[in-house]
Chemist: 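If you scroll down you'll find the structure; I have some questions about it.
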There are 2 protein chains.
Amino acid sequence: MSTDIPDIVIGRLPIYLRALNQLARQGQEITSSRELGQLLGISSAQIRKDLSHFGGFGKQGTGYHVEILRKKLEQILNVDTEWSIVVVGAGHIGHALAHYGGFVNRGFRVVAVFDNDLDKIGKKIDGFKIQPMEDIDDFIDKHHIKLAMVAVPAEYAQDVANKLIEHGVRGILNYAPITINVPDGIYVQYIDPVAELQHMTFYLSS
Amino acid sequence: MSTDIPDIVIGRLPIYLRALNQLARQGQEITSSRELGQLLGISSAQIRKDLSHFGGFGKQGTGYHVEILRKKLEQILNVDTEWSIVVVGAGHIGHALAHYGGFVNRGFRVVAVFDNDLDKIGKKIDGFKIQPMEDIDDFIDKHHIKLAMVAVPAEYAQDVANKLIEHGVRGILNYAPITINVPDGIYVQYIDPVAELQHMTFYLSS
DNA sequence: TAGATTGTTAATCGATTAACAATC
DNA sequence: TAGATTGTTAATCGATTAACAATC
């Protein structure tokens, strides 16, 4: 299934979905591109343009039905079913990911945690028994895992990624502060709080 | 100090700095826009163009001296000195942030952790005693804190942000999966692993 | 010198915005 | 109907890339 929709548009869809979830939680049934835009600090024109890549989900004069648009975005982003994710690295970040309540109802579920530290293996995190790295290949194969979150020291991140990809993982959320190289067709996103902070401190004269 | 440098350029500087730190750690003394580009999956022209906004840091025919460019980027991003940060929310994410080793030598230091849960207040995280939320105003005032990481439930994030800003915080790294609204001159960045995962699942047919 | 790479200009490419006809 | 808001087109704006003179 090919796409000529700009990646920058795709990157905004989860933000729209997040806002719609919020409105739904508050019981709001109808919204508009203007309201969403104000909520998110984005122009209404951009929101309409972005959505128009996928069809017309609104009604002239009225706006968007929150629940309909929400469901539609979930389908577009392939999160109308739940993806199983493995966590690699059982340090503090790995622990936080294993416990994170924010995956529920947003399309993801952590199904296993791996580490190579003998002191950690076998211990439990929130119901998961930490498994040894040597078992990860079989696990990924057996459960057809496509997504992983990597929270290992920077020097191991590339090796871990290689191994994951070799066994069929297609998307990696990388918490190690290092850029990893992957073949075409494999997707990587980065979580680097320091990079985000540095982005802000540029604007702050110290 | 005003700027007409595009924000998208500023956002890439921390990535360049991260790559340079990596090269420095490996003992490499010289690099080039071509090498950095390959490392990061960015065109060499873009790297040269981005850097040229701030001056000429390279030598024709040779490239860039890693350590010089590294220092220069640290200055540009205002991380040649260390910023004190407070963590709000002592859940699993707050714990991970308090323990995170990745701040060292990258311009930041966690100096305090706050929570409003009576069961948590007074307990220790990695040497920090968790402090009650009611003390955060005085703390920020007294220590001139400019940066905060917010890891509280979504429904409290806006209120927490308001309070922080009122007391002089200028930059917020928000871990709550919700967009918060702030006045001009206040900077917010988001860490939302689910949004990043959803960005990737768009490209993965399930 | 010959080879390599920068910094910069101009050209291209792509994204955002403005505006409005369509229509609920 | 009158008012409001979508979806879309065209115009504007901005970012990326290509190319090359300068020069180490």
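Just the heavy atoms: all of them, side chains too, but no hydrogens, waters or symmetry mates, feed the values below.
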Chemist: According to the Watson-Crick and G-U wobble definitions, with both distances under 3.5 Å, which nucleotide is paired to C/dT12?
Modeler: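 Paired with D/dA15.
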Chemist: Does B/Arg12 put a side-chain nitrogen or oxygen below 4.0 Å from OP1 or OP2 of D/dT16?
Modeler: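 Affirmative; the distance criterion is met.
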Chemist: Between C/dC24 atom P and A/Gln60 atom CD, what is the distance in whole Å?
Modeler: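 The answer, rounded to whole Å, is 6 Å.
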Chemist: Answer with yes or no after comparing the ring centroid distance for B/Tyr203 and A/Tyr187 against a 6.0 Å cut-off, counting only values under it.
Modeler: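 That pair passes the under 6.0 Å test.
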Chemist: Remember a base hit wins even if backbone is also touched, and classify B/Ser44 as base, sugar-phosphate or nothing at under 4.0 Å, heavy atoms.
Modeler: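 Touches nothing.
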Chemist: Which is more 5' along DNA chain C, the nucleotide nearest A/Lys49 or the one nearest B/Ser52? Just name the residue.
Modeler: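 Counting from the 5' end, the first nearest nucleotide belongs to B/Ser52.
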Chemist: For D/dT6, take OP1 and OP2 only and decide whether either is under 4.0 Å from a side-chain N or O of A/Ser33.
Modeler: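 It does, given that an N or O in the side chain of A/Ser33 lies less than 4.0 Å from OP1 or OP2 of D/dT6.
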Chemist: Calculate the interatomic distance between A/Ile47 atom CD1 and D/dT8 atom P; express it in whole Å.
Modeler: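 Checked: the CD1 to P distance equals 16 Å.
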Chemist: Within this structure, what is the NE2-to-C1' distance between B/His53 and C/dT9, rounded to whole angstrom?
Modeler: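 Roughly 13 Å, once rounded to whole Å.
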Chemist: Got a donor-acceptor contact below 3.5 angstrom from the B/Ser43 side chain to the B/Gln46 backbone?
Modeler: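 Looks like yes, one N/O pair under 3.5 Å.
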Chemist: Expressed as a whole number of angstroms, how long is the span from A/Ile30:CD1 to D/dT5:P?
Modeler: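 Nearest whole value for this atom pair: 11 Å.
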Chemist: In whole Å, what is the span from the OH atom of A/Tyr64 to the P atom of D/dT5?
Modeler: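 Distance check: A/Tyr64 OH to D/dT5 P gives 11 Å.
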Chemist: Rounding to a whole Å, what distance do you find between A/Ile8:CD1 and C/dG14:C1'?
Modeler: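 Atom CD1 in A/Ile8 sits about 10 Å away from atom C1' in C/dG14.
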Chemist: Could you state the atom-to-atom distance from CD of B/Glu35 to P of C/dA4 in whole Å?
Modeler: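 Rounding to the nearest Å, CD of B/Glu35 and P of C/dA4 are 15 Å apart.
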Chemist: So which nucleotide from C/dT8, D/dT6, C/dA18 ends up closest to the side chain of A/Ala45?
Modeler: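 So the side chain of A/Ala45 is nearest to C/dA18.
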Chemist: Please compare A/Ser43 and B/Arg48 by the position of their nearest nucleotide in DNA chain C and report the one closer to 5'.
Modeler: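 It is B/Arg48, whose closest nucleotide lies nearer the 5' terminus.
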Chemist: Quick check: do B/Ile145 and B/Val111 have side-chain heavy atoms less than 4.5 Å from each other?
Modeler: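 Side-chain contact under 4.5 Å: yes.
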Chemist: Is it true that B/Glu166 and B/Lys163 have a side-chain N and a carboxylate O under 4.0 angstrom from each other?
Modeler: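 Salt bridge: no.
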Chemist: Which one is paired to D/dA22, where only Watson-Crick or G-U wobble pairs with both distances under 3.5 angstrom count?
Modeler: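 When the pairing criteria are applied, C/dT5 turns out to be the nucleotide that pairs with D/dA22.
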Chemist: Do the charged groups of B/Asp137 and B/Lys142 touch, with an N to O distance under 4.0 Å?
Modeler: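 Looking at B/Asp137 and B/Lys142, the cut-off is not met.
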Chemist: Grab the CG-P distance between B/Asp4 and D/dA15 for me, whole Å please.
Modeler: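 Rounded to the whole Å, the gap is 11 Å.
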